[in-house]
Structure formats: structure tokens, C-alpha cells
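We're numbering straight along the sequence, starting at 1. Bear in mind that the values here come from a model prediction, so they are computed numbers and not experimental data.
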Amino acid sequence: MVNKRDAADHIPSVVAHMMTPGVVQIPGDVSVSEAALLLDREQTPCLLVKDTDTRFGIMTFSDIVKRVVAQGLEPNDVEVRAIMTRPVQFIEYDRAIEDASTLMLSTGVPLLIVTKQDQPVGILTARDLMLTPARCRTRIESTVRVGEGEAADHRAVITQLSHAGALLESSALLLPGTRVRLGFTLPGLPRKFSIQGTIVTSYDQLPVSPERSEERPGVDVQFTNLPPSDRSHIRTWVLQHCRKDTDPA
């Protein structure tokens, strides 16, 4: 476990906190028309094109407009490998947000593919950096379940939340890599969320907040397989209700 005893009142923001979870990957010989339907259905910023084991690209609606529609080409007759943007810029999920901003500026790309141990797990765009707040402080009662079936629910409190994950106060033994299901209700919304996630980091003691003097064990959860509707509801609620984290004076 990681022991955090610094003076900060929040866990520093990393790429995983602001990314859009999930990456849709396709081979290079898929037609542009098929890829366009997939982009629309999945509501994702881009598709990751794996043309060969070492050759990757990305395709967005902008690529389709500029390189197919504007050229008068037939989408059914064009393969995505012919219009994909290269090279692709990758960044690990646990890198600082500042590192992502620097990489975008230095390479001139507005979109990064987020990886975990070299496997694609999310997408981070310049729009995310501009419009998505850092993971916000809150206190929401929740439950955590390890596995499915008859597994018991553990009580927890969400202390930071974003559309990509949450920081929890939990006395349950939850080790990094553990797959869990997080259940909670957002104040003001009638629906209850039941979200799959993976424990990224566990803490012996979470950093002290100005409102609370005691420290409690906790975990950092990265959401996985989050439906677009749930992602949208959580992102909107965070933007409307959560206070912005500020550095201590």
C-alpha cells in the first residue's frame, strides 16, 4: 500500500482522472463507411486503427470530412488505413495531467491514447483538459462489491469523483488490480449507478482534508466498461455540483 501523508487536500490529478474510459480498436482494412457508423454508435472521440502489429493510427469524423467527403470519394471504397492520422501519441494512465498537456503542445496533437501497461484503456483530448474539471471533492455514500454472485457489499464513501473514476474511503482490503462494482446514487438524480471498476492504487491513509482531522484508508478506482449514458450523467453532475479542488494556501 501507498502511504500518503503530505499537506495536500486531494490526490494529484493524473491522466486516468480526466480521460474517457475505453478505446474502440479496428483493423486497417475496415471501410470508412463502417468506421463512421461505429464512431457514431459508440459516441467515442476516435477509433484506434491497428494496421499491423507495429503500425497504428487514429480516425476521427474530421479525417472523414477532410480526406473522403471533401475529396469526393466513396466511403464504401476507402479503407481507414488510407485516411488514418499517424503517428499516434500514447501516454500512461498514471502520468500527471501536466505531462499530457506538455505532450500535446510539443507534438501538436489534440488527442492522446491512454495506456496501462502498454494496453489502450482510454482517450484524452484537448477538450477534456479544457472543459473537464479535476476530480472533484464530495462525500457520497456508496457500496463496493468484489466479484459477483453472493459476494457481500462493503460500505464506502466517495470523496472524489469524475466520469473516469473515484477516490473512496473504505476499510475493506482492496488491493490494486482487484475488479469491483461500485454502487451509488448522485444527489438530485433518481437513478442508482452500478459501475464496474478496477482498483488502481490503495492508500494506508488518505490525505487530510481541511474539513476532517482524521485519516482513513482508501482506494483509487478506475471505471471500466462505462456506458456512454452513465458517463454523460456523471460528467454533467460533476460539472454542476462539485466544488473545484484548490491547492492549499
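- Looking only at side-chain heavy atoms (C-beta outward), Cys46 and Ile123 come within less than 4.5 Å of each other.
- Note on ring orientation: taking the six-membered ring where Trp is involved, the planes of Phe223 and Phe184 are parallel (angle under 30°, cut-offs 30° and 60°).
- Atom CD of Glu74 is surrounded by more than 12 heavy atoms from other residues, nucleotides or ligands within 6.0 Å.
- The two residues Ile113 and Pro120 come nearest to each other via the heavy atoms CG2-CB, 4.1 Å.
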TODO: Apply side-chain contact (heavy atoms from CB on, under 4.5 Å) to the pair Arg139 and Ile158, showing each step before the final yes or no.
DONE: CA-CA 6 Å; Arg139 291 196 67 79; Ile158 298 174; over 6 Å; no
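- Leu38 places a side-chain heavy atom less than 4.5 Å from the side chain of Leu47.
- Looking at Thr178 and Thr198, their side chains never come closer than 4.5 Å, going by heavy atoms from C-beta outward.
- Side-chain polar atoms of Ser194 and Arg181 form a donor-acceptor pair below 3.5 angstrom.
- Between Leu186 atom CG and Leu161 atom CG the span is 6.5 Å, to the nearest 0.5 Å.
- Using a 4.5 Å cut-off between side-chain heavy atoms of Ile, Leu, Val, Met, Phe, Trp and Tyr, with links allowed through other members, Phe61 and Met84 fall into the same hydrophobic cluster.
- Side-chain contact check for Met59 versus Leu39: some heavy-atom pair is nearer than 4.5 Å.
- With Ser232 contributing its side chain and Pro228 its backbone, the two residues share no donor-acceptor pair below 3.5 Å.
- To the nearest 0.5 Å, atoms CZ (Arg95) and CG (Leu124) are separated by 12.0 Å.
- For Glu92 and Thr115, the side-chain atoms include at least one donor-acceptor pair closer than 3.5 Å.
- Between Ala35 and Val80, the closest heavy-atom pair is CB-CG1, 3.5 Å.
- Side-chain atoms of Leu129 and Ile97, non-hydrogen and from C-beta on, do get closer than 4.5 Å to each other.
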- [ ] Would you sort out whether Leu48 and Ile26 count as a side-chain contact (heavy atoms from CB on, under 4.5 Å), showing the intermediate values?
- [x] CA-CA 6 Å; Leu48 178 62; Ile26 60 174; over 6 Å; no
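- Glu79 contributes atom CD, which lies 5.5 Å from atom CG of Asp29 (distance to the nearest 0.5 angstrom).
- Contact annotation: the side chain of Thr138 never approaches that of Gln160 to less than 4.5 Å [non-hydrogen atoms, C-beta and beyond].
- In the hydrophobic cluster analysis, where Ile, Leu, Val, Met, Phe, Trp and Tyr join through side-chain heavy atoms closer than 4.5 angstrom, Val144 is grouped together with Ile140.
- Cluster membership check: Leu168 shares its hydrophobic cluster with Val146, using side-chain heavy-atom separations under 4.5 Å among Ile, Leu, Val, Met, Phe, Trp and Tyr.
- Hydrophobic clustering places Val69 together with Val30 (ILVMFWY residues linked when any side-chain heavy atoms are closer than 4.5 Å, directly or through intermediates).
- Within 6.0 Å of CG on Asn76 lie more than 12 heavy atoms contributed by other residues, nucleotides or ligands.
- Defined by atom type and a distance below 3.5 Å, a donor-acceptor pair is present between the side-chain atoms of Asp63 and Thr85.
- We find the CZ-CG distance between Arg86 and Asp51 to be 8.0 Å, quoted to the nearest 0.5 Å.
- No side-chain heavy atom of Asp94 sits under 4.5 Å from any side-chain heavy atom of Val200.
- Across Asp153 and Arg145, no two heavy atoms sit closer than the pair OD1-NE, 2.7 Å.
- The backbone N or O of Pro187 sits less than 3.5 Å from a side-chain atom of Trp237, completing a donor-acceptor pair.
- Just one residue in the list Lys192, Arg235, Arg191 forms a salt bridge (Lys or Arg N to Asp or Glu O under 4.0 Å) with Asp230, and that residue is Arg191.
- Nearest heavy atoms, Val78 versus Ala82: CG1-CB, 4.2 Å.
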TODO: Report the C-alpha separation of Leu112 and Phe90 in whole Å, then their side-chain angles, then the decisive distance to 0.1 Å, and conclude whether the side-chain contact (heavy atoms from CB on, under 4.5 Å) test is met.
DONE: CA-CA 6 Å; Leu112 306 175; Phe90 297 91; over 6 Å; no
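- Taking 4.5 Å as the limit, every side-chain heavy atom of Gln89 sits out of range of all side-chain heavy atoms of Met104.
- Atoms OG1 and CG, on Thr44 and Asp40 in that order, are 11.5 Å from each other to the nearest 0.5 Å.
- In summary, the side chains of Glu34 and Ser31 do present a donor paired with an acceptor at a separation below 3.5 Å, with no hydrogens or angles considered.
- Stacking of Lys50 on the aromatic ring of Phe56 is not recorded, the 6.0 Å distance cut-off and the 45° axial limit not both being met.
- Using modelled atom types, one finds a donor on one side chain and an acceptor on the other under 3.5 Å when comparing Thr125 with Asp128.
- Results of the side-chain contact (heavy atoms from CB on, under 4.5 Å) test with Ile195 over Thr224, Ile234, Val180 single out Ile234 as the only residue that passes.
- Cluster membership check: Ile58 does not share its hydrophobic cluster with Val49, using side-chain heavy-atom separations under 4.5 Å among Ile, Leu, Val, Met, Phe, Trp and Tyr.
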Task: Criterion side-chain contact (heavy atoms from CB on, under 4.5 Å) on Thr143 and Leu182, from CA distance to verdict - done: CA-CA 6 Å; Thr143 59; Leu182 185 64; over 6 Å; no
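- Taking CZ of Arg155 as the reference point, atom OG of Ser170 lies at 11.0 Å (rounded to 0.5 Å).
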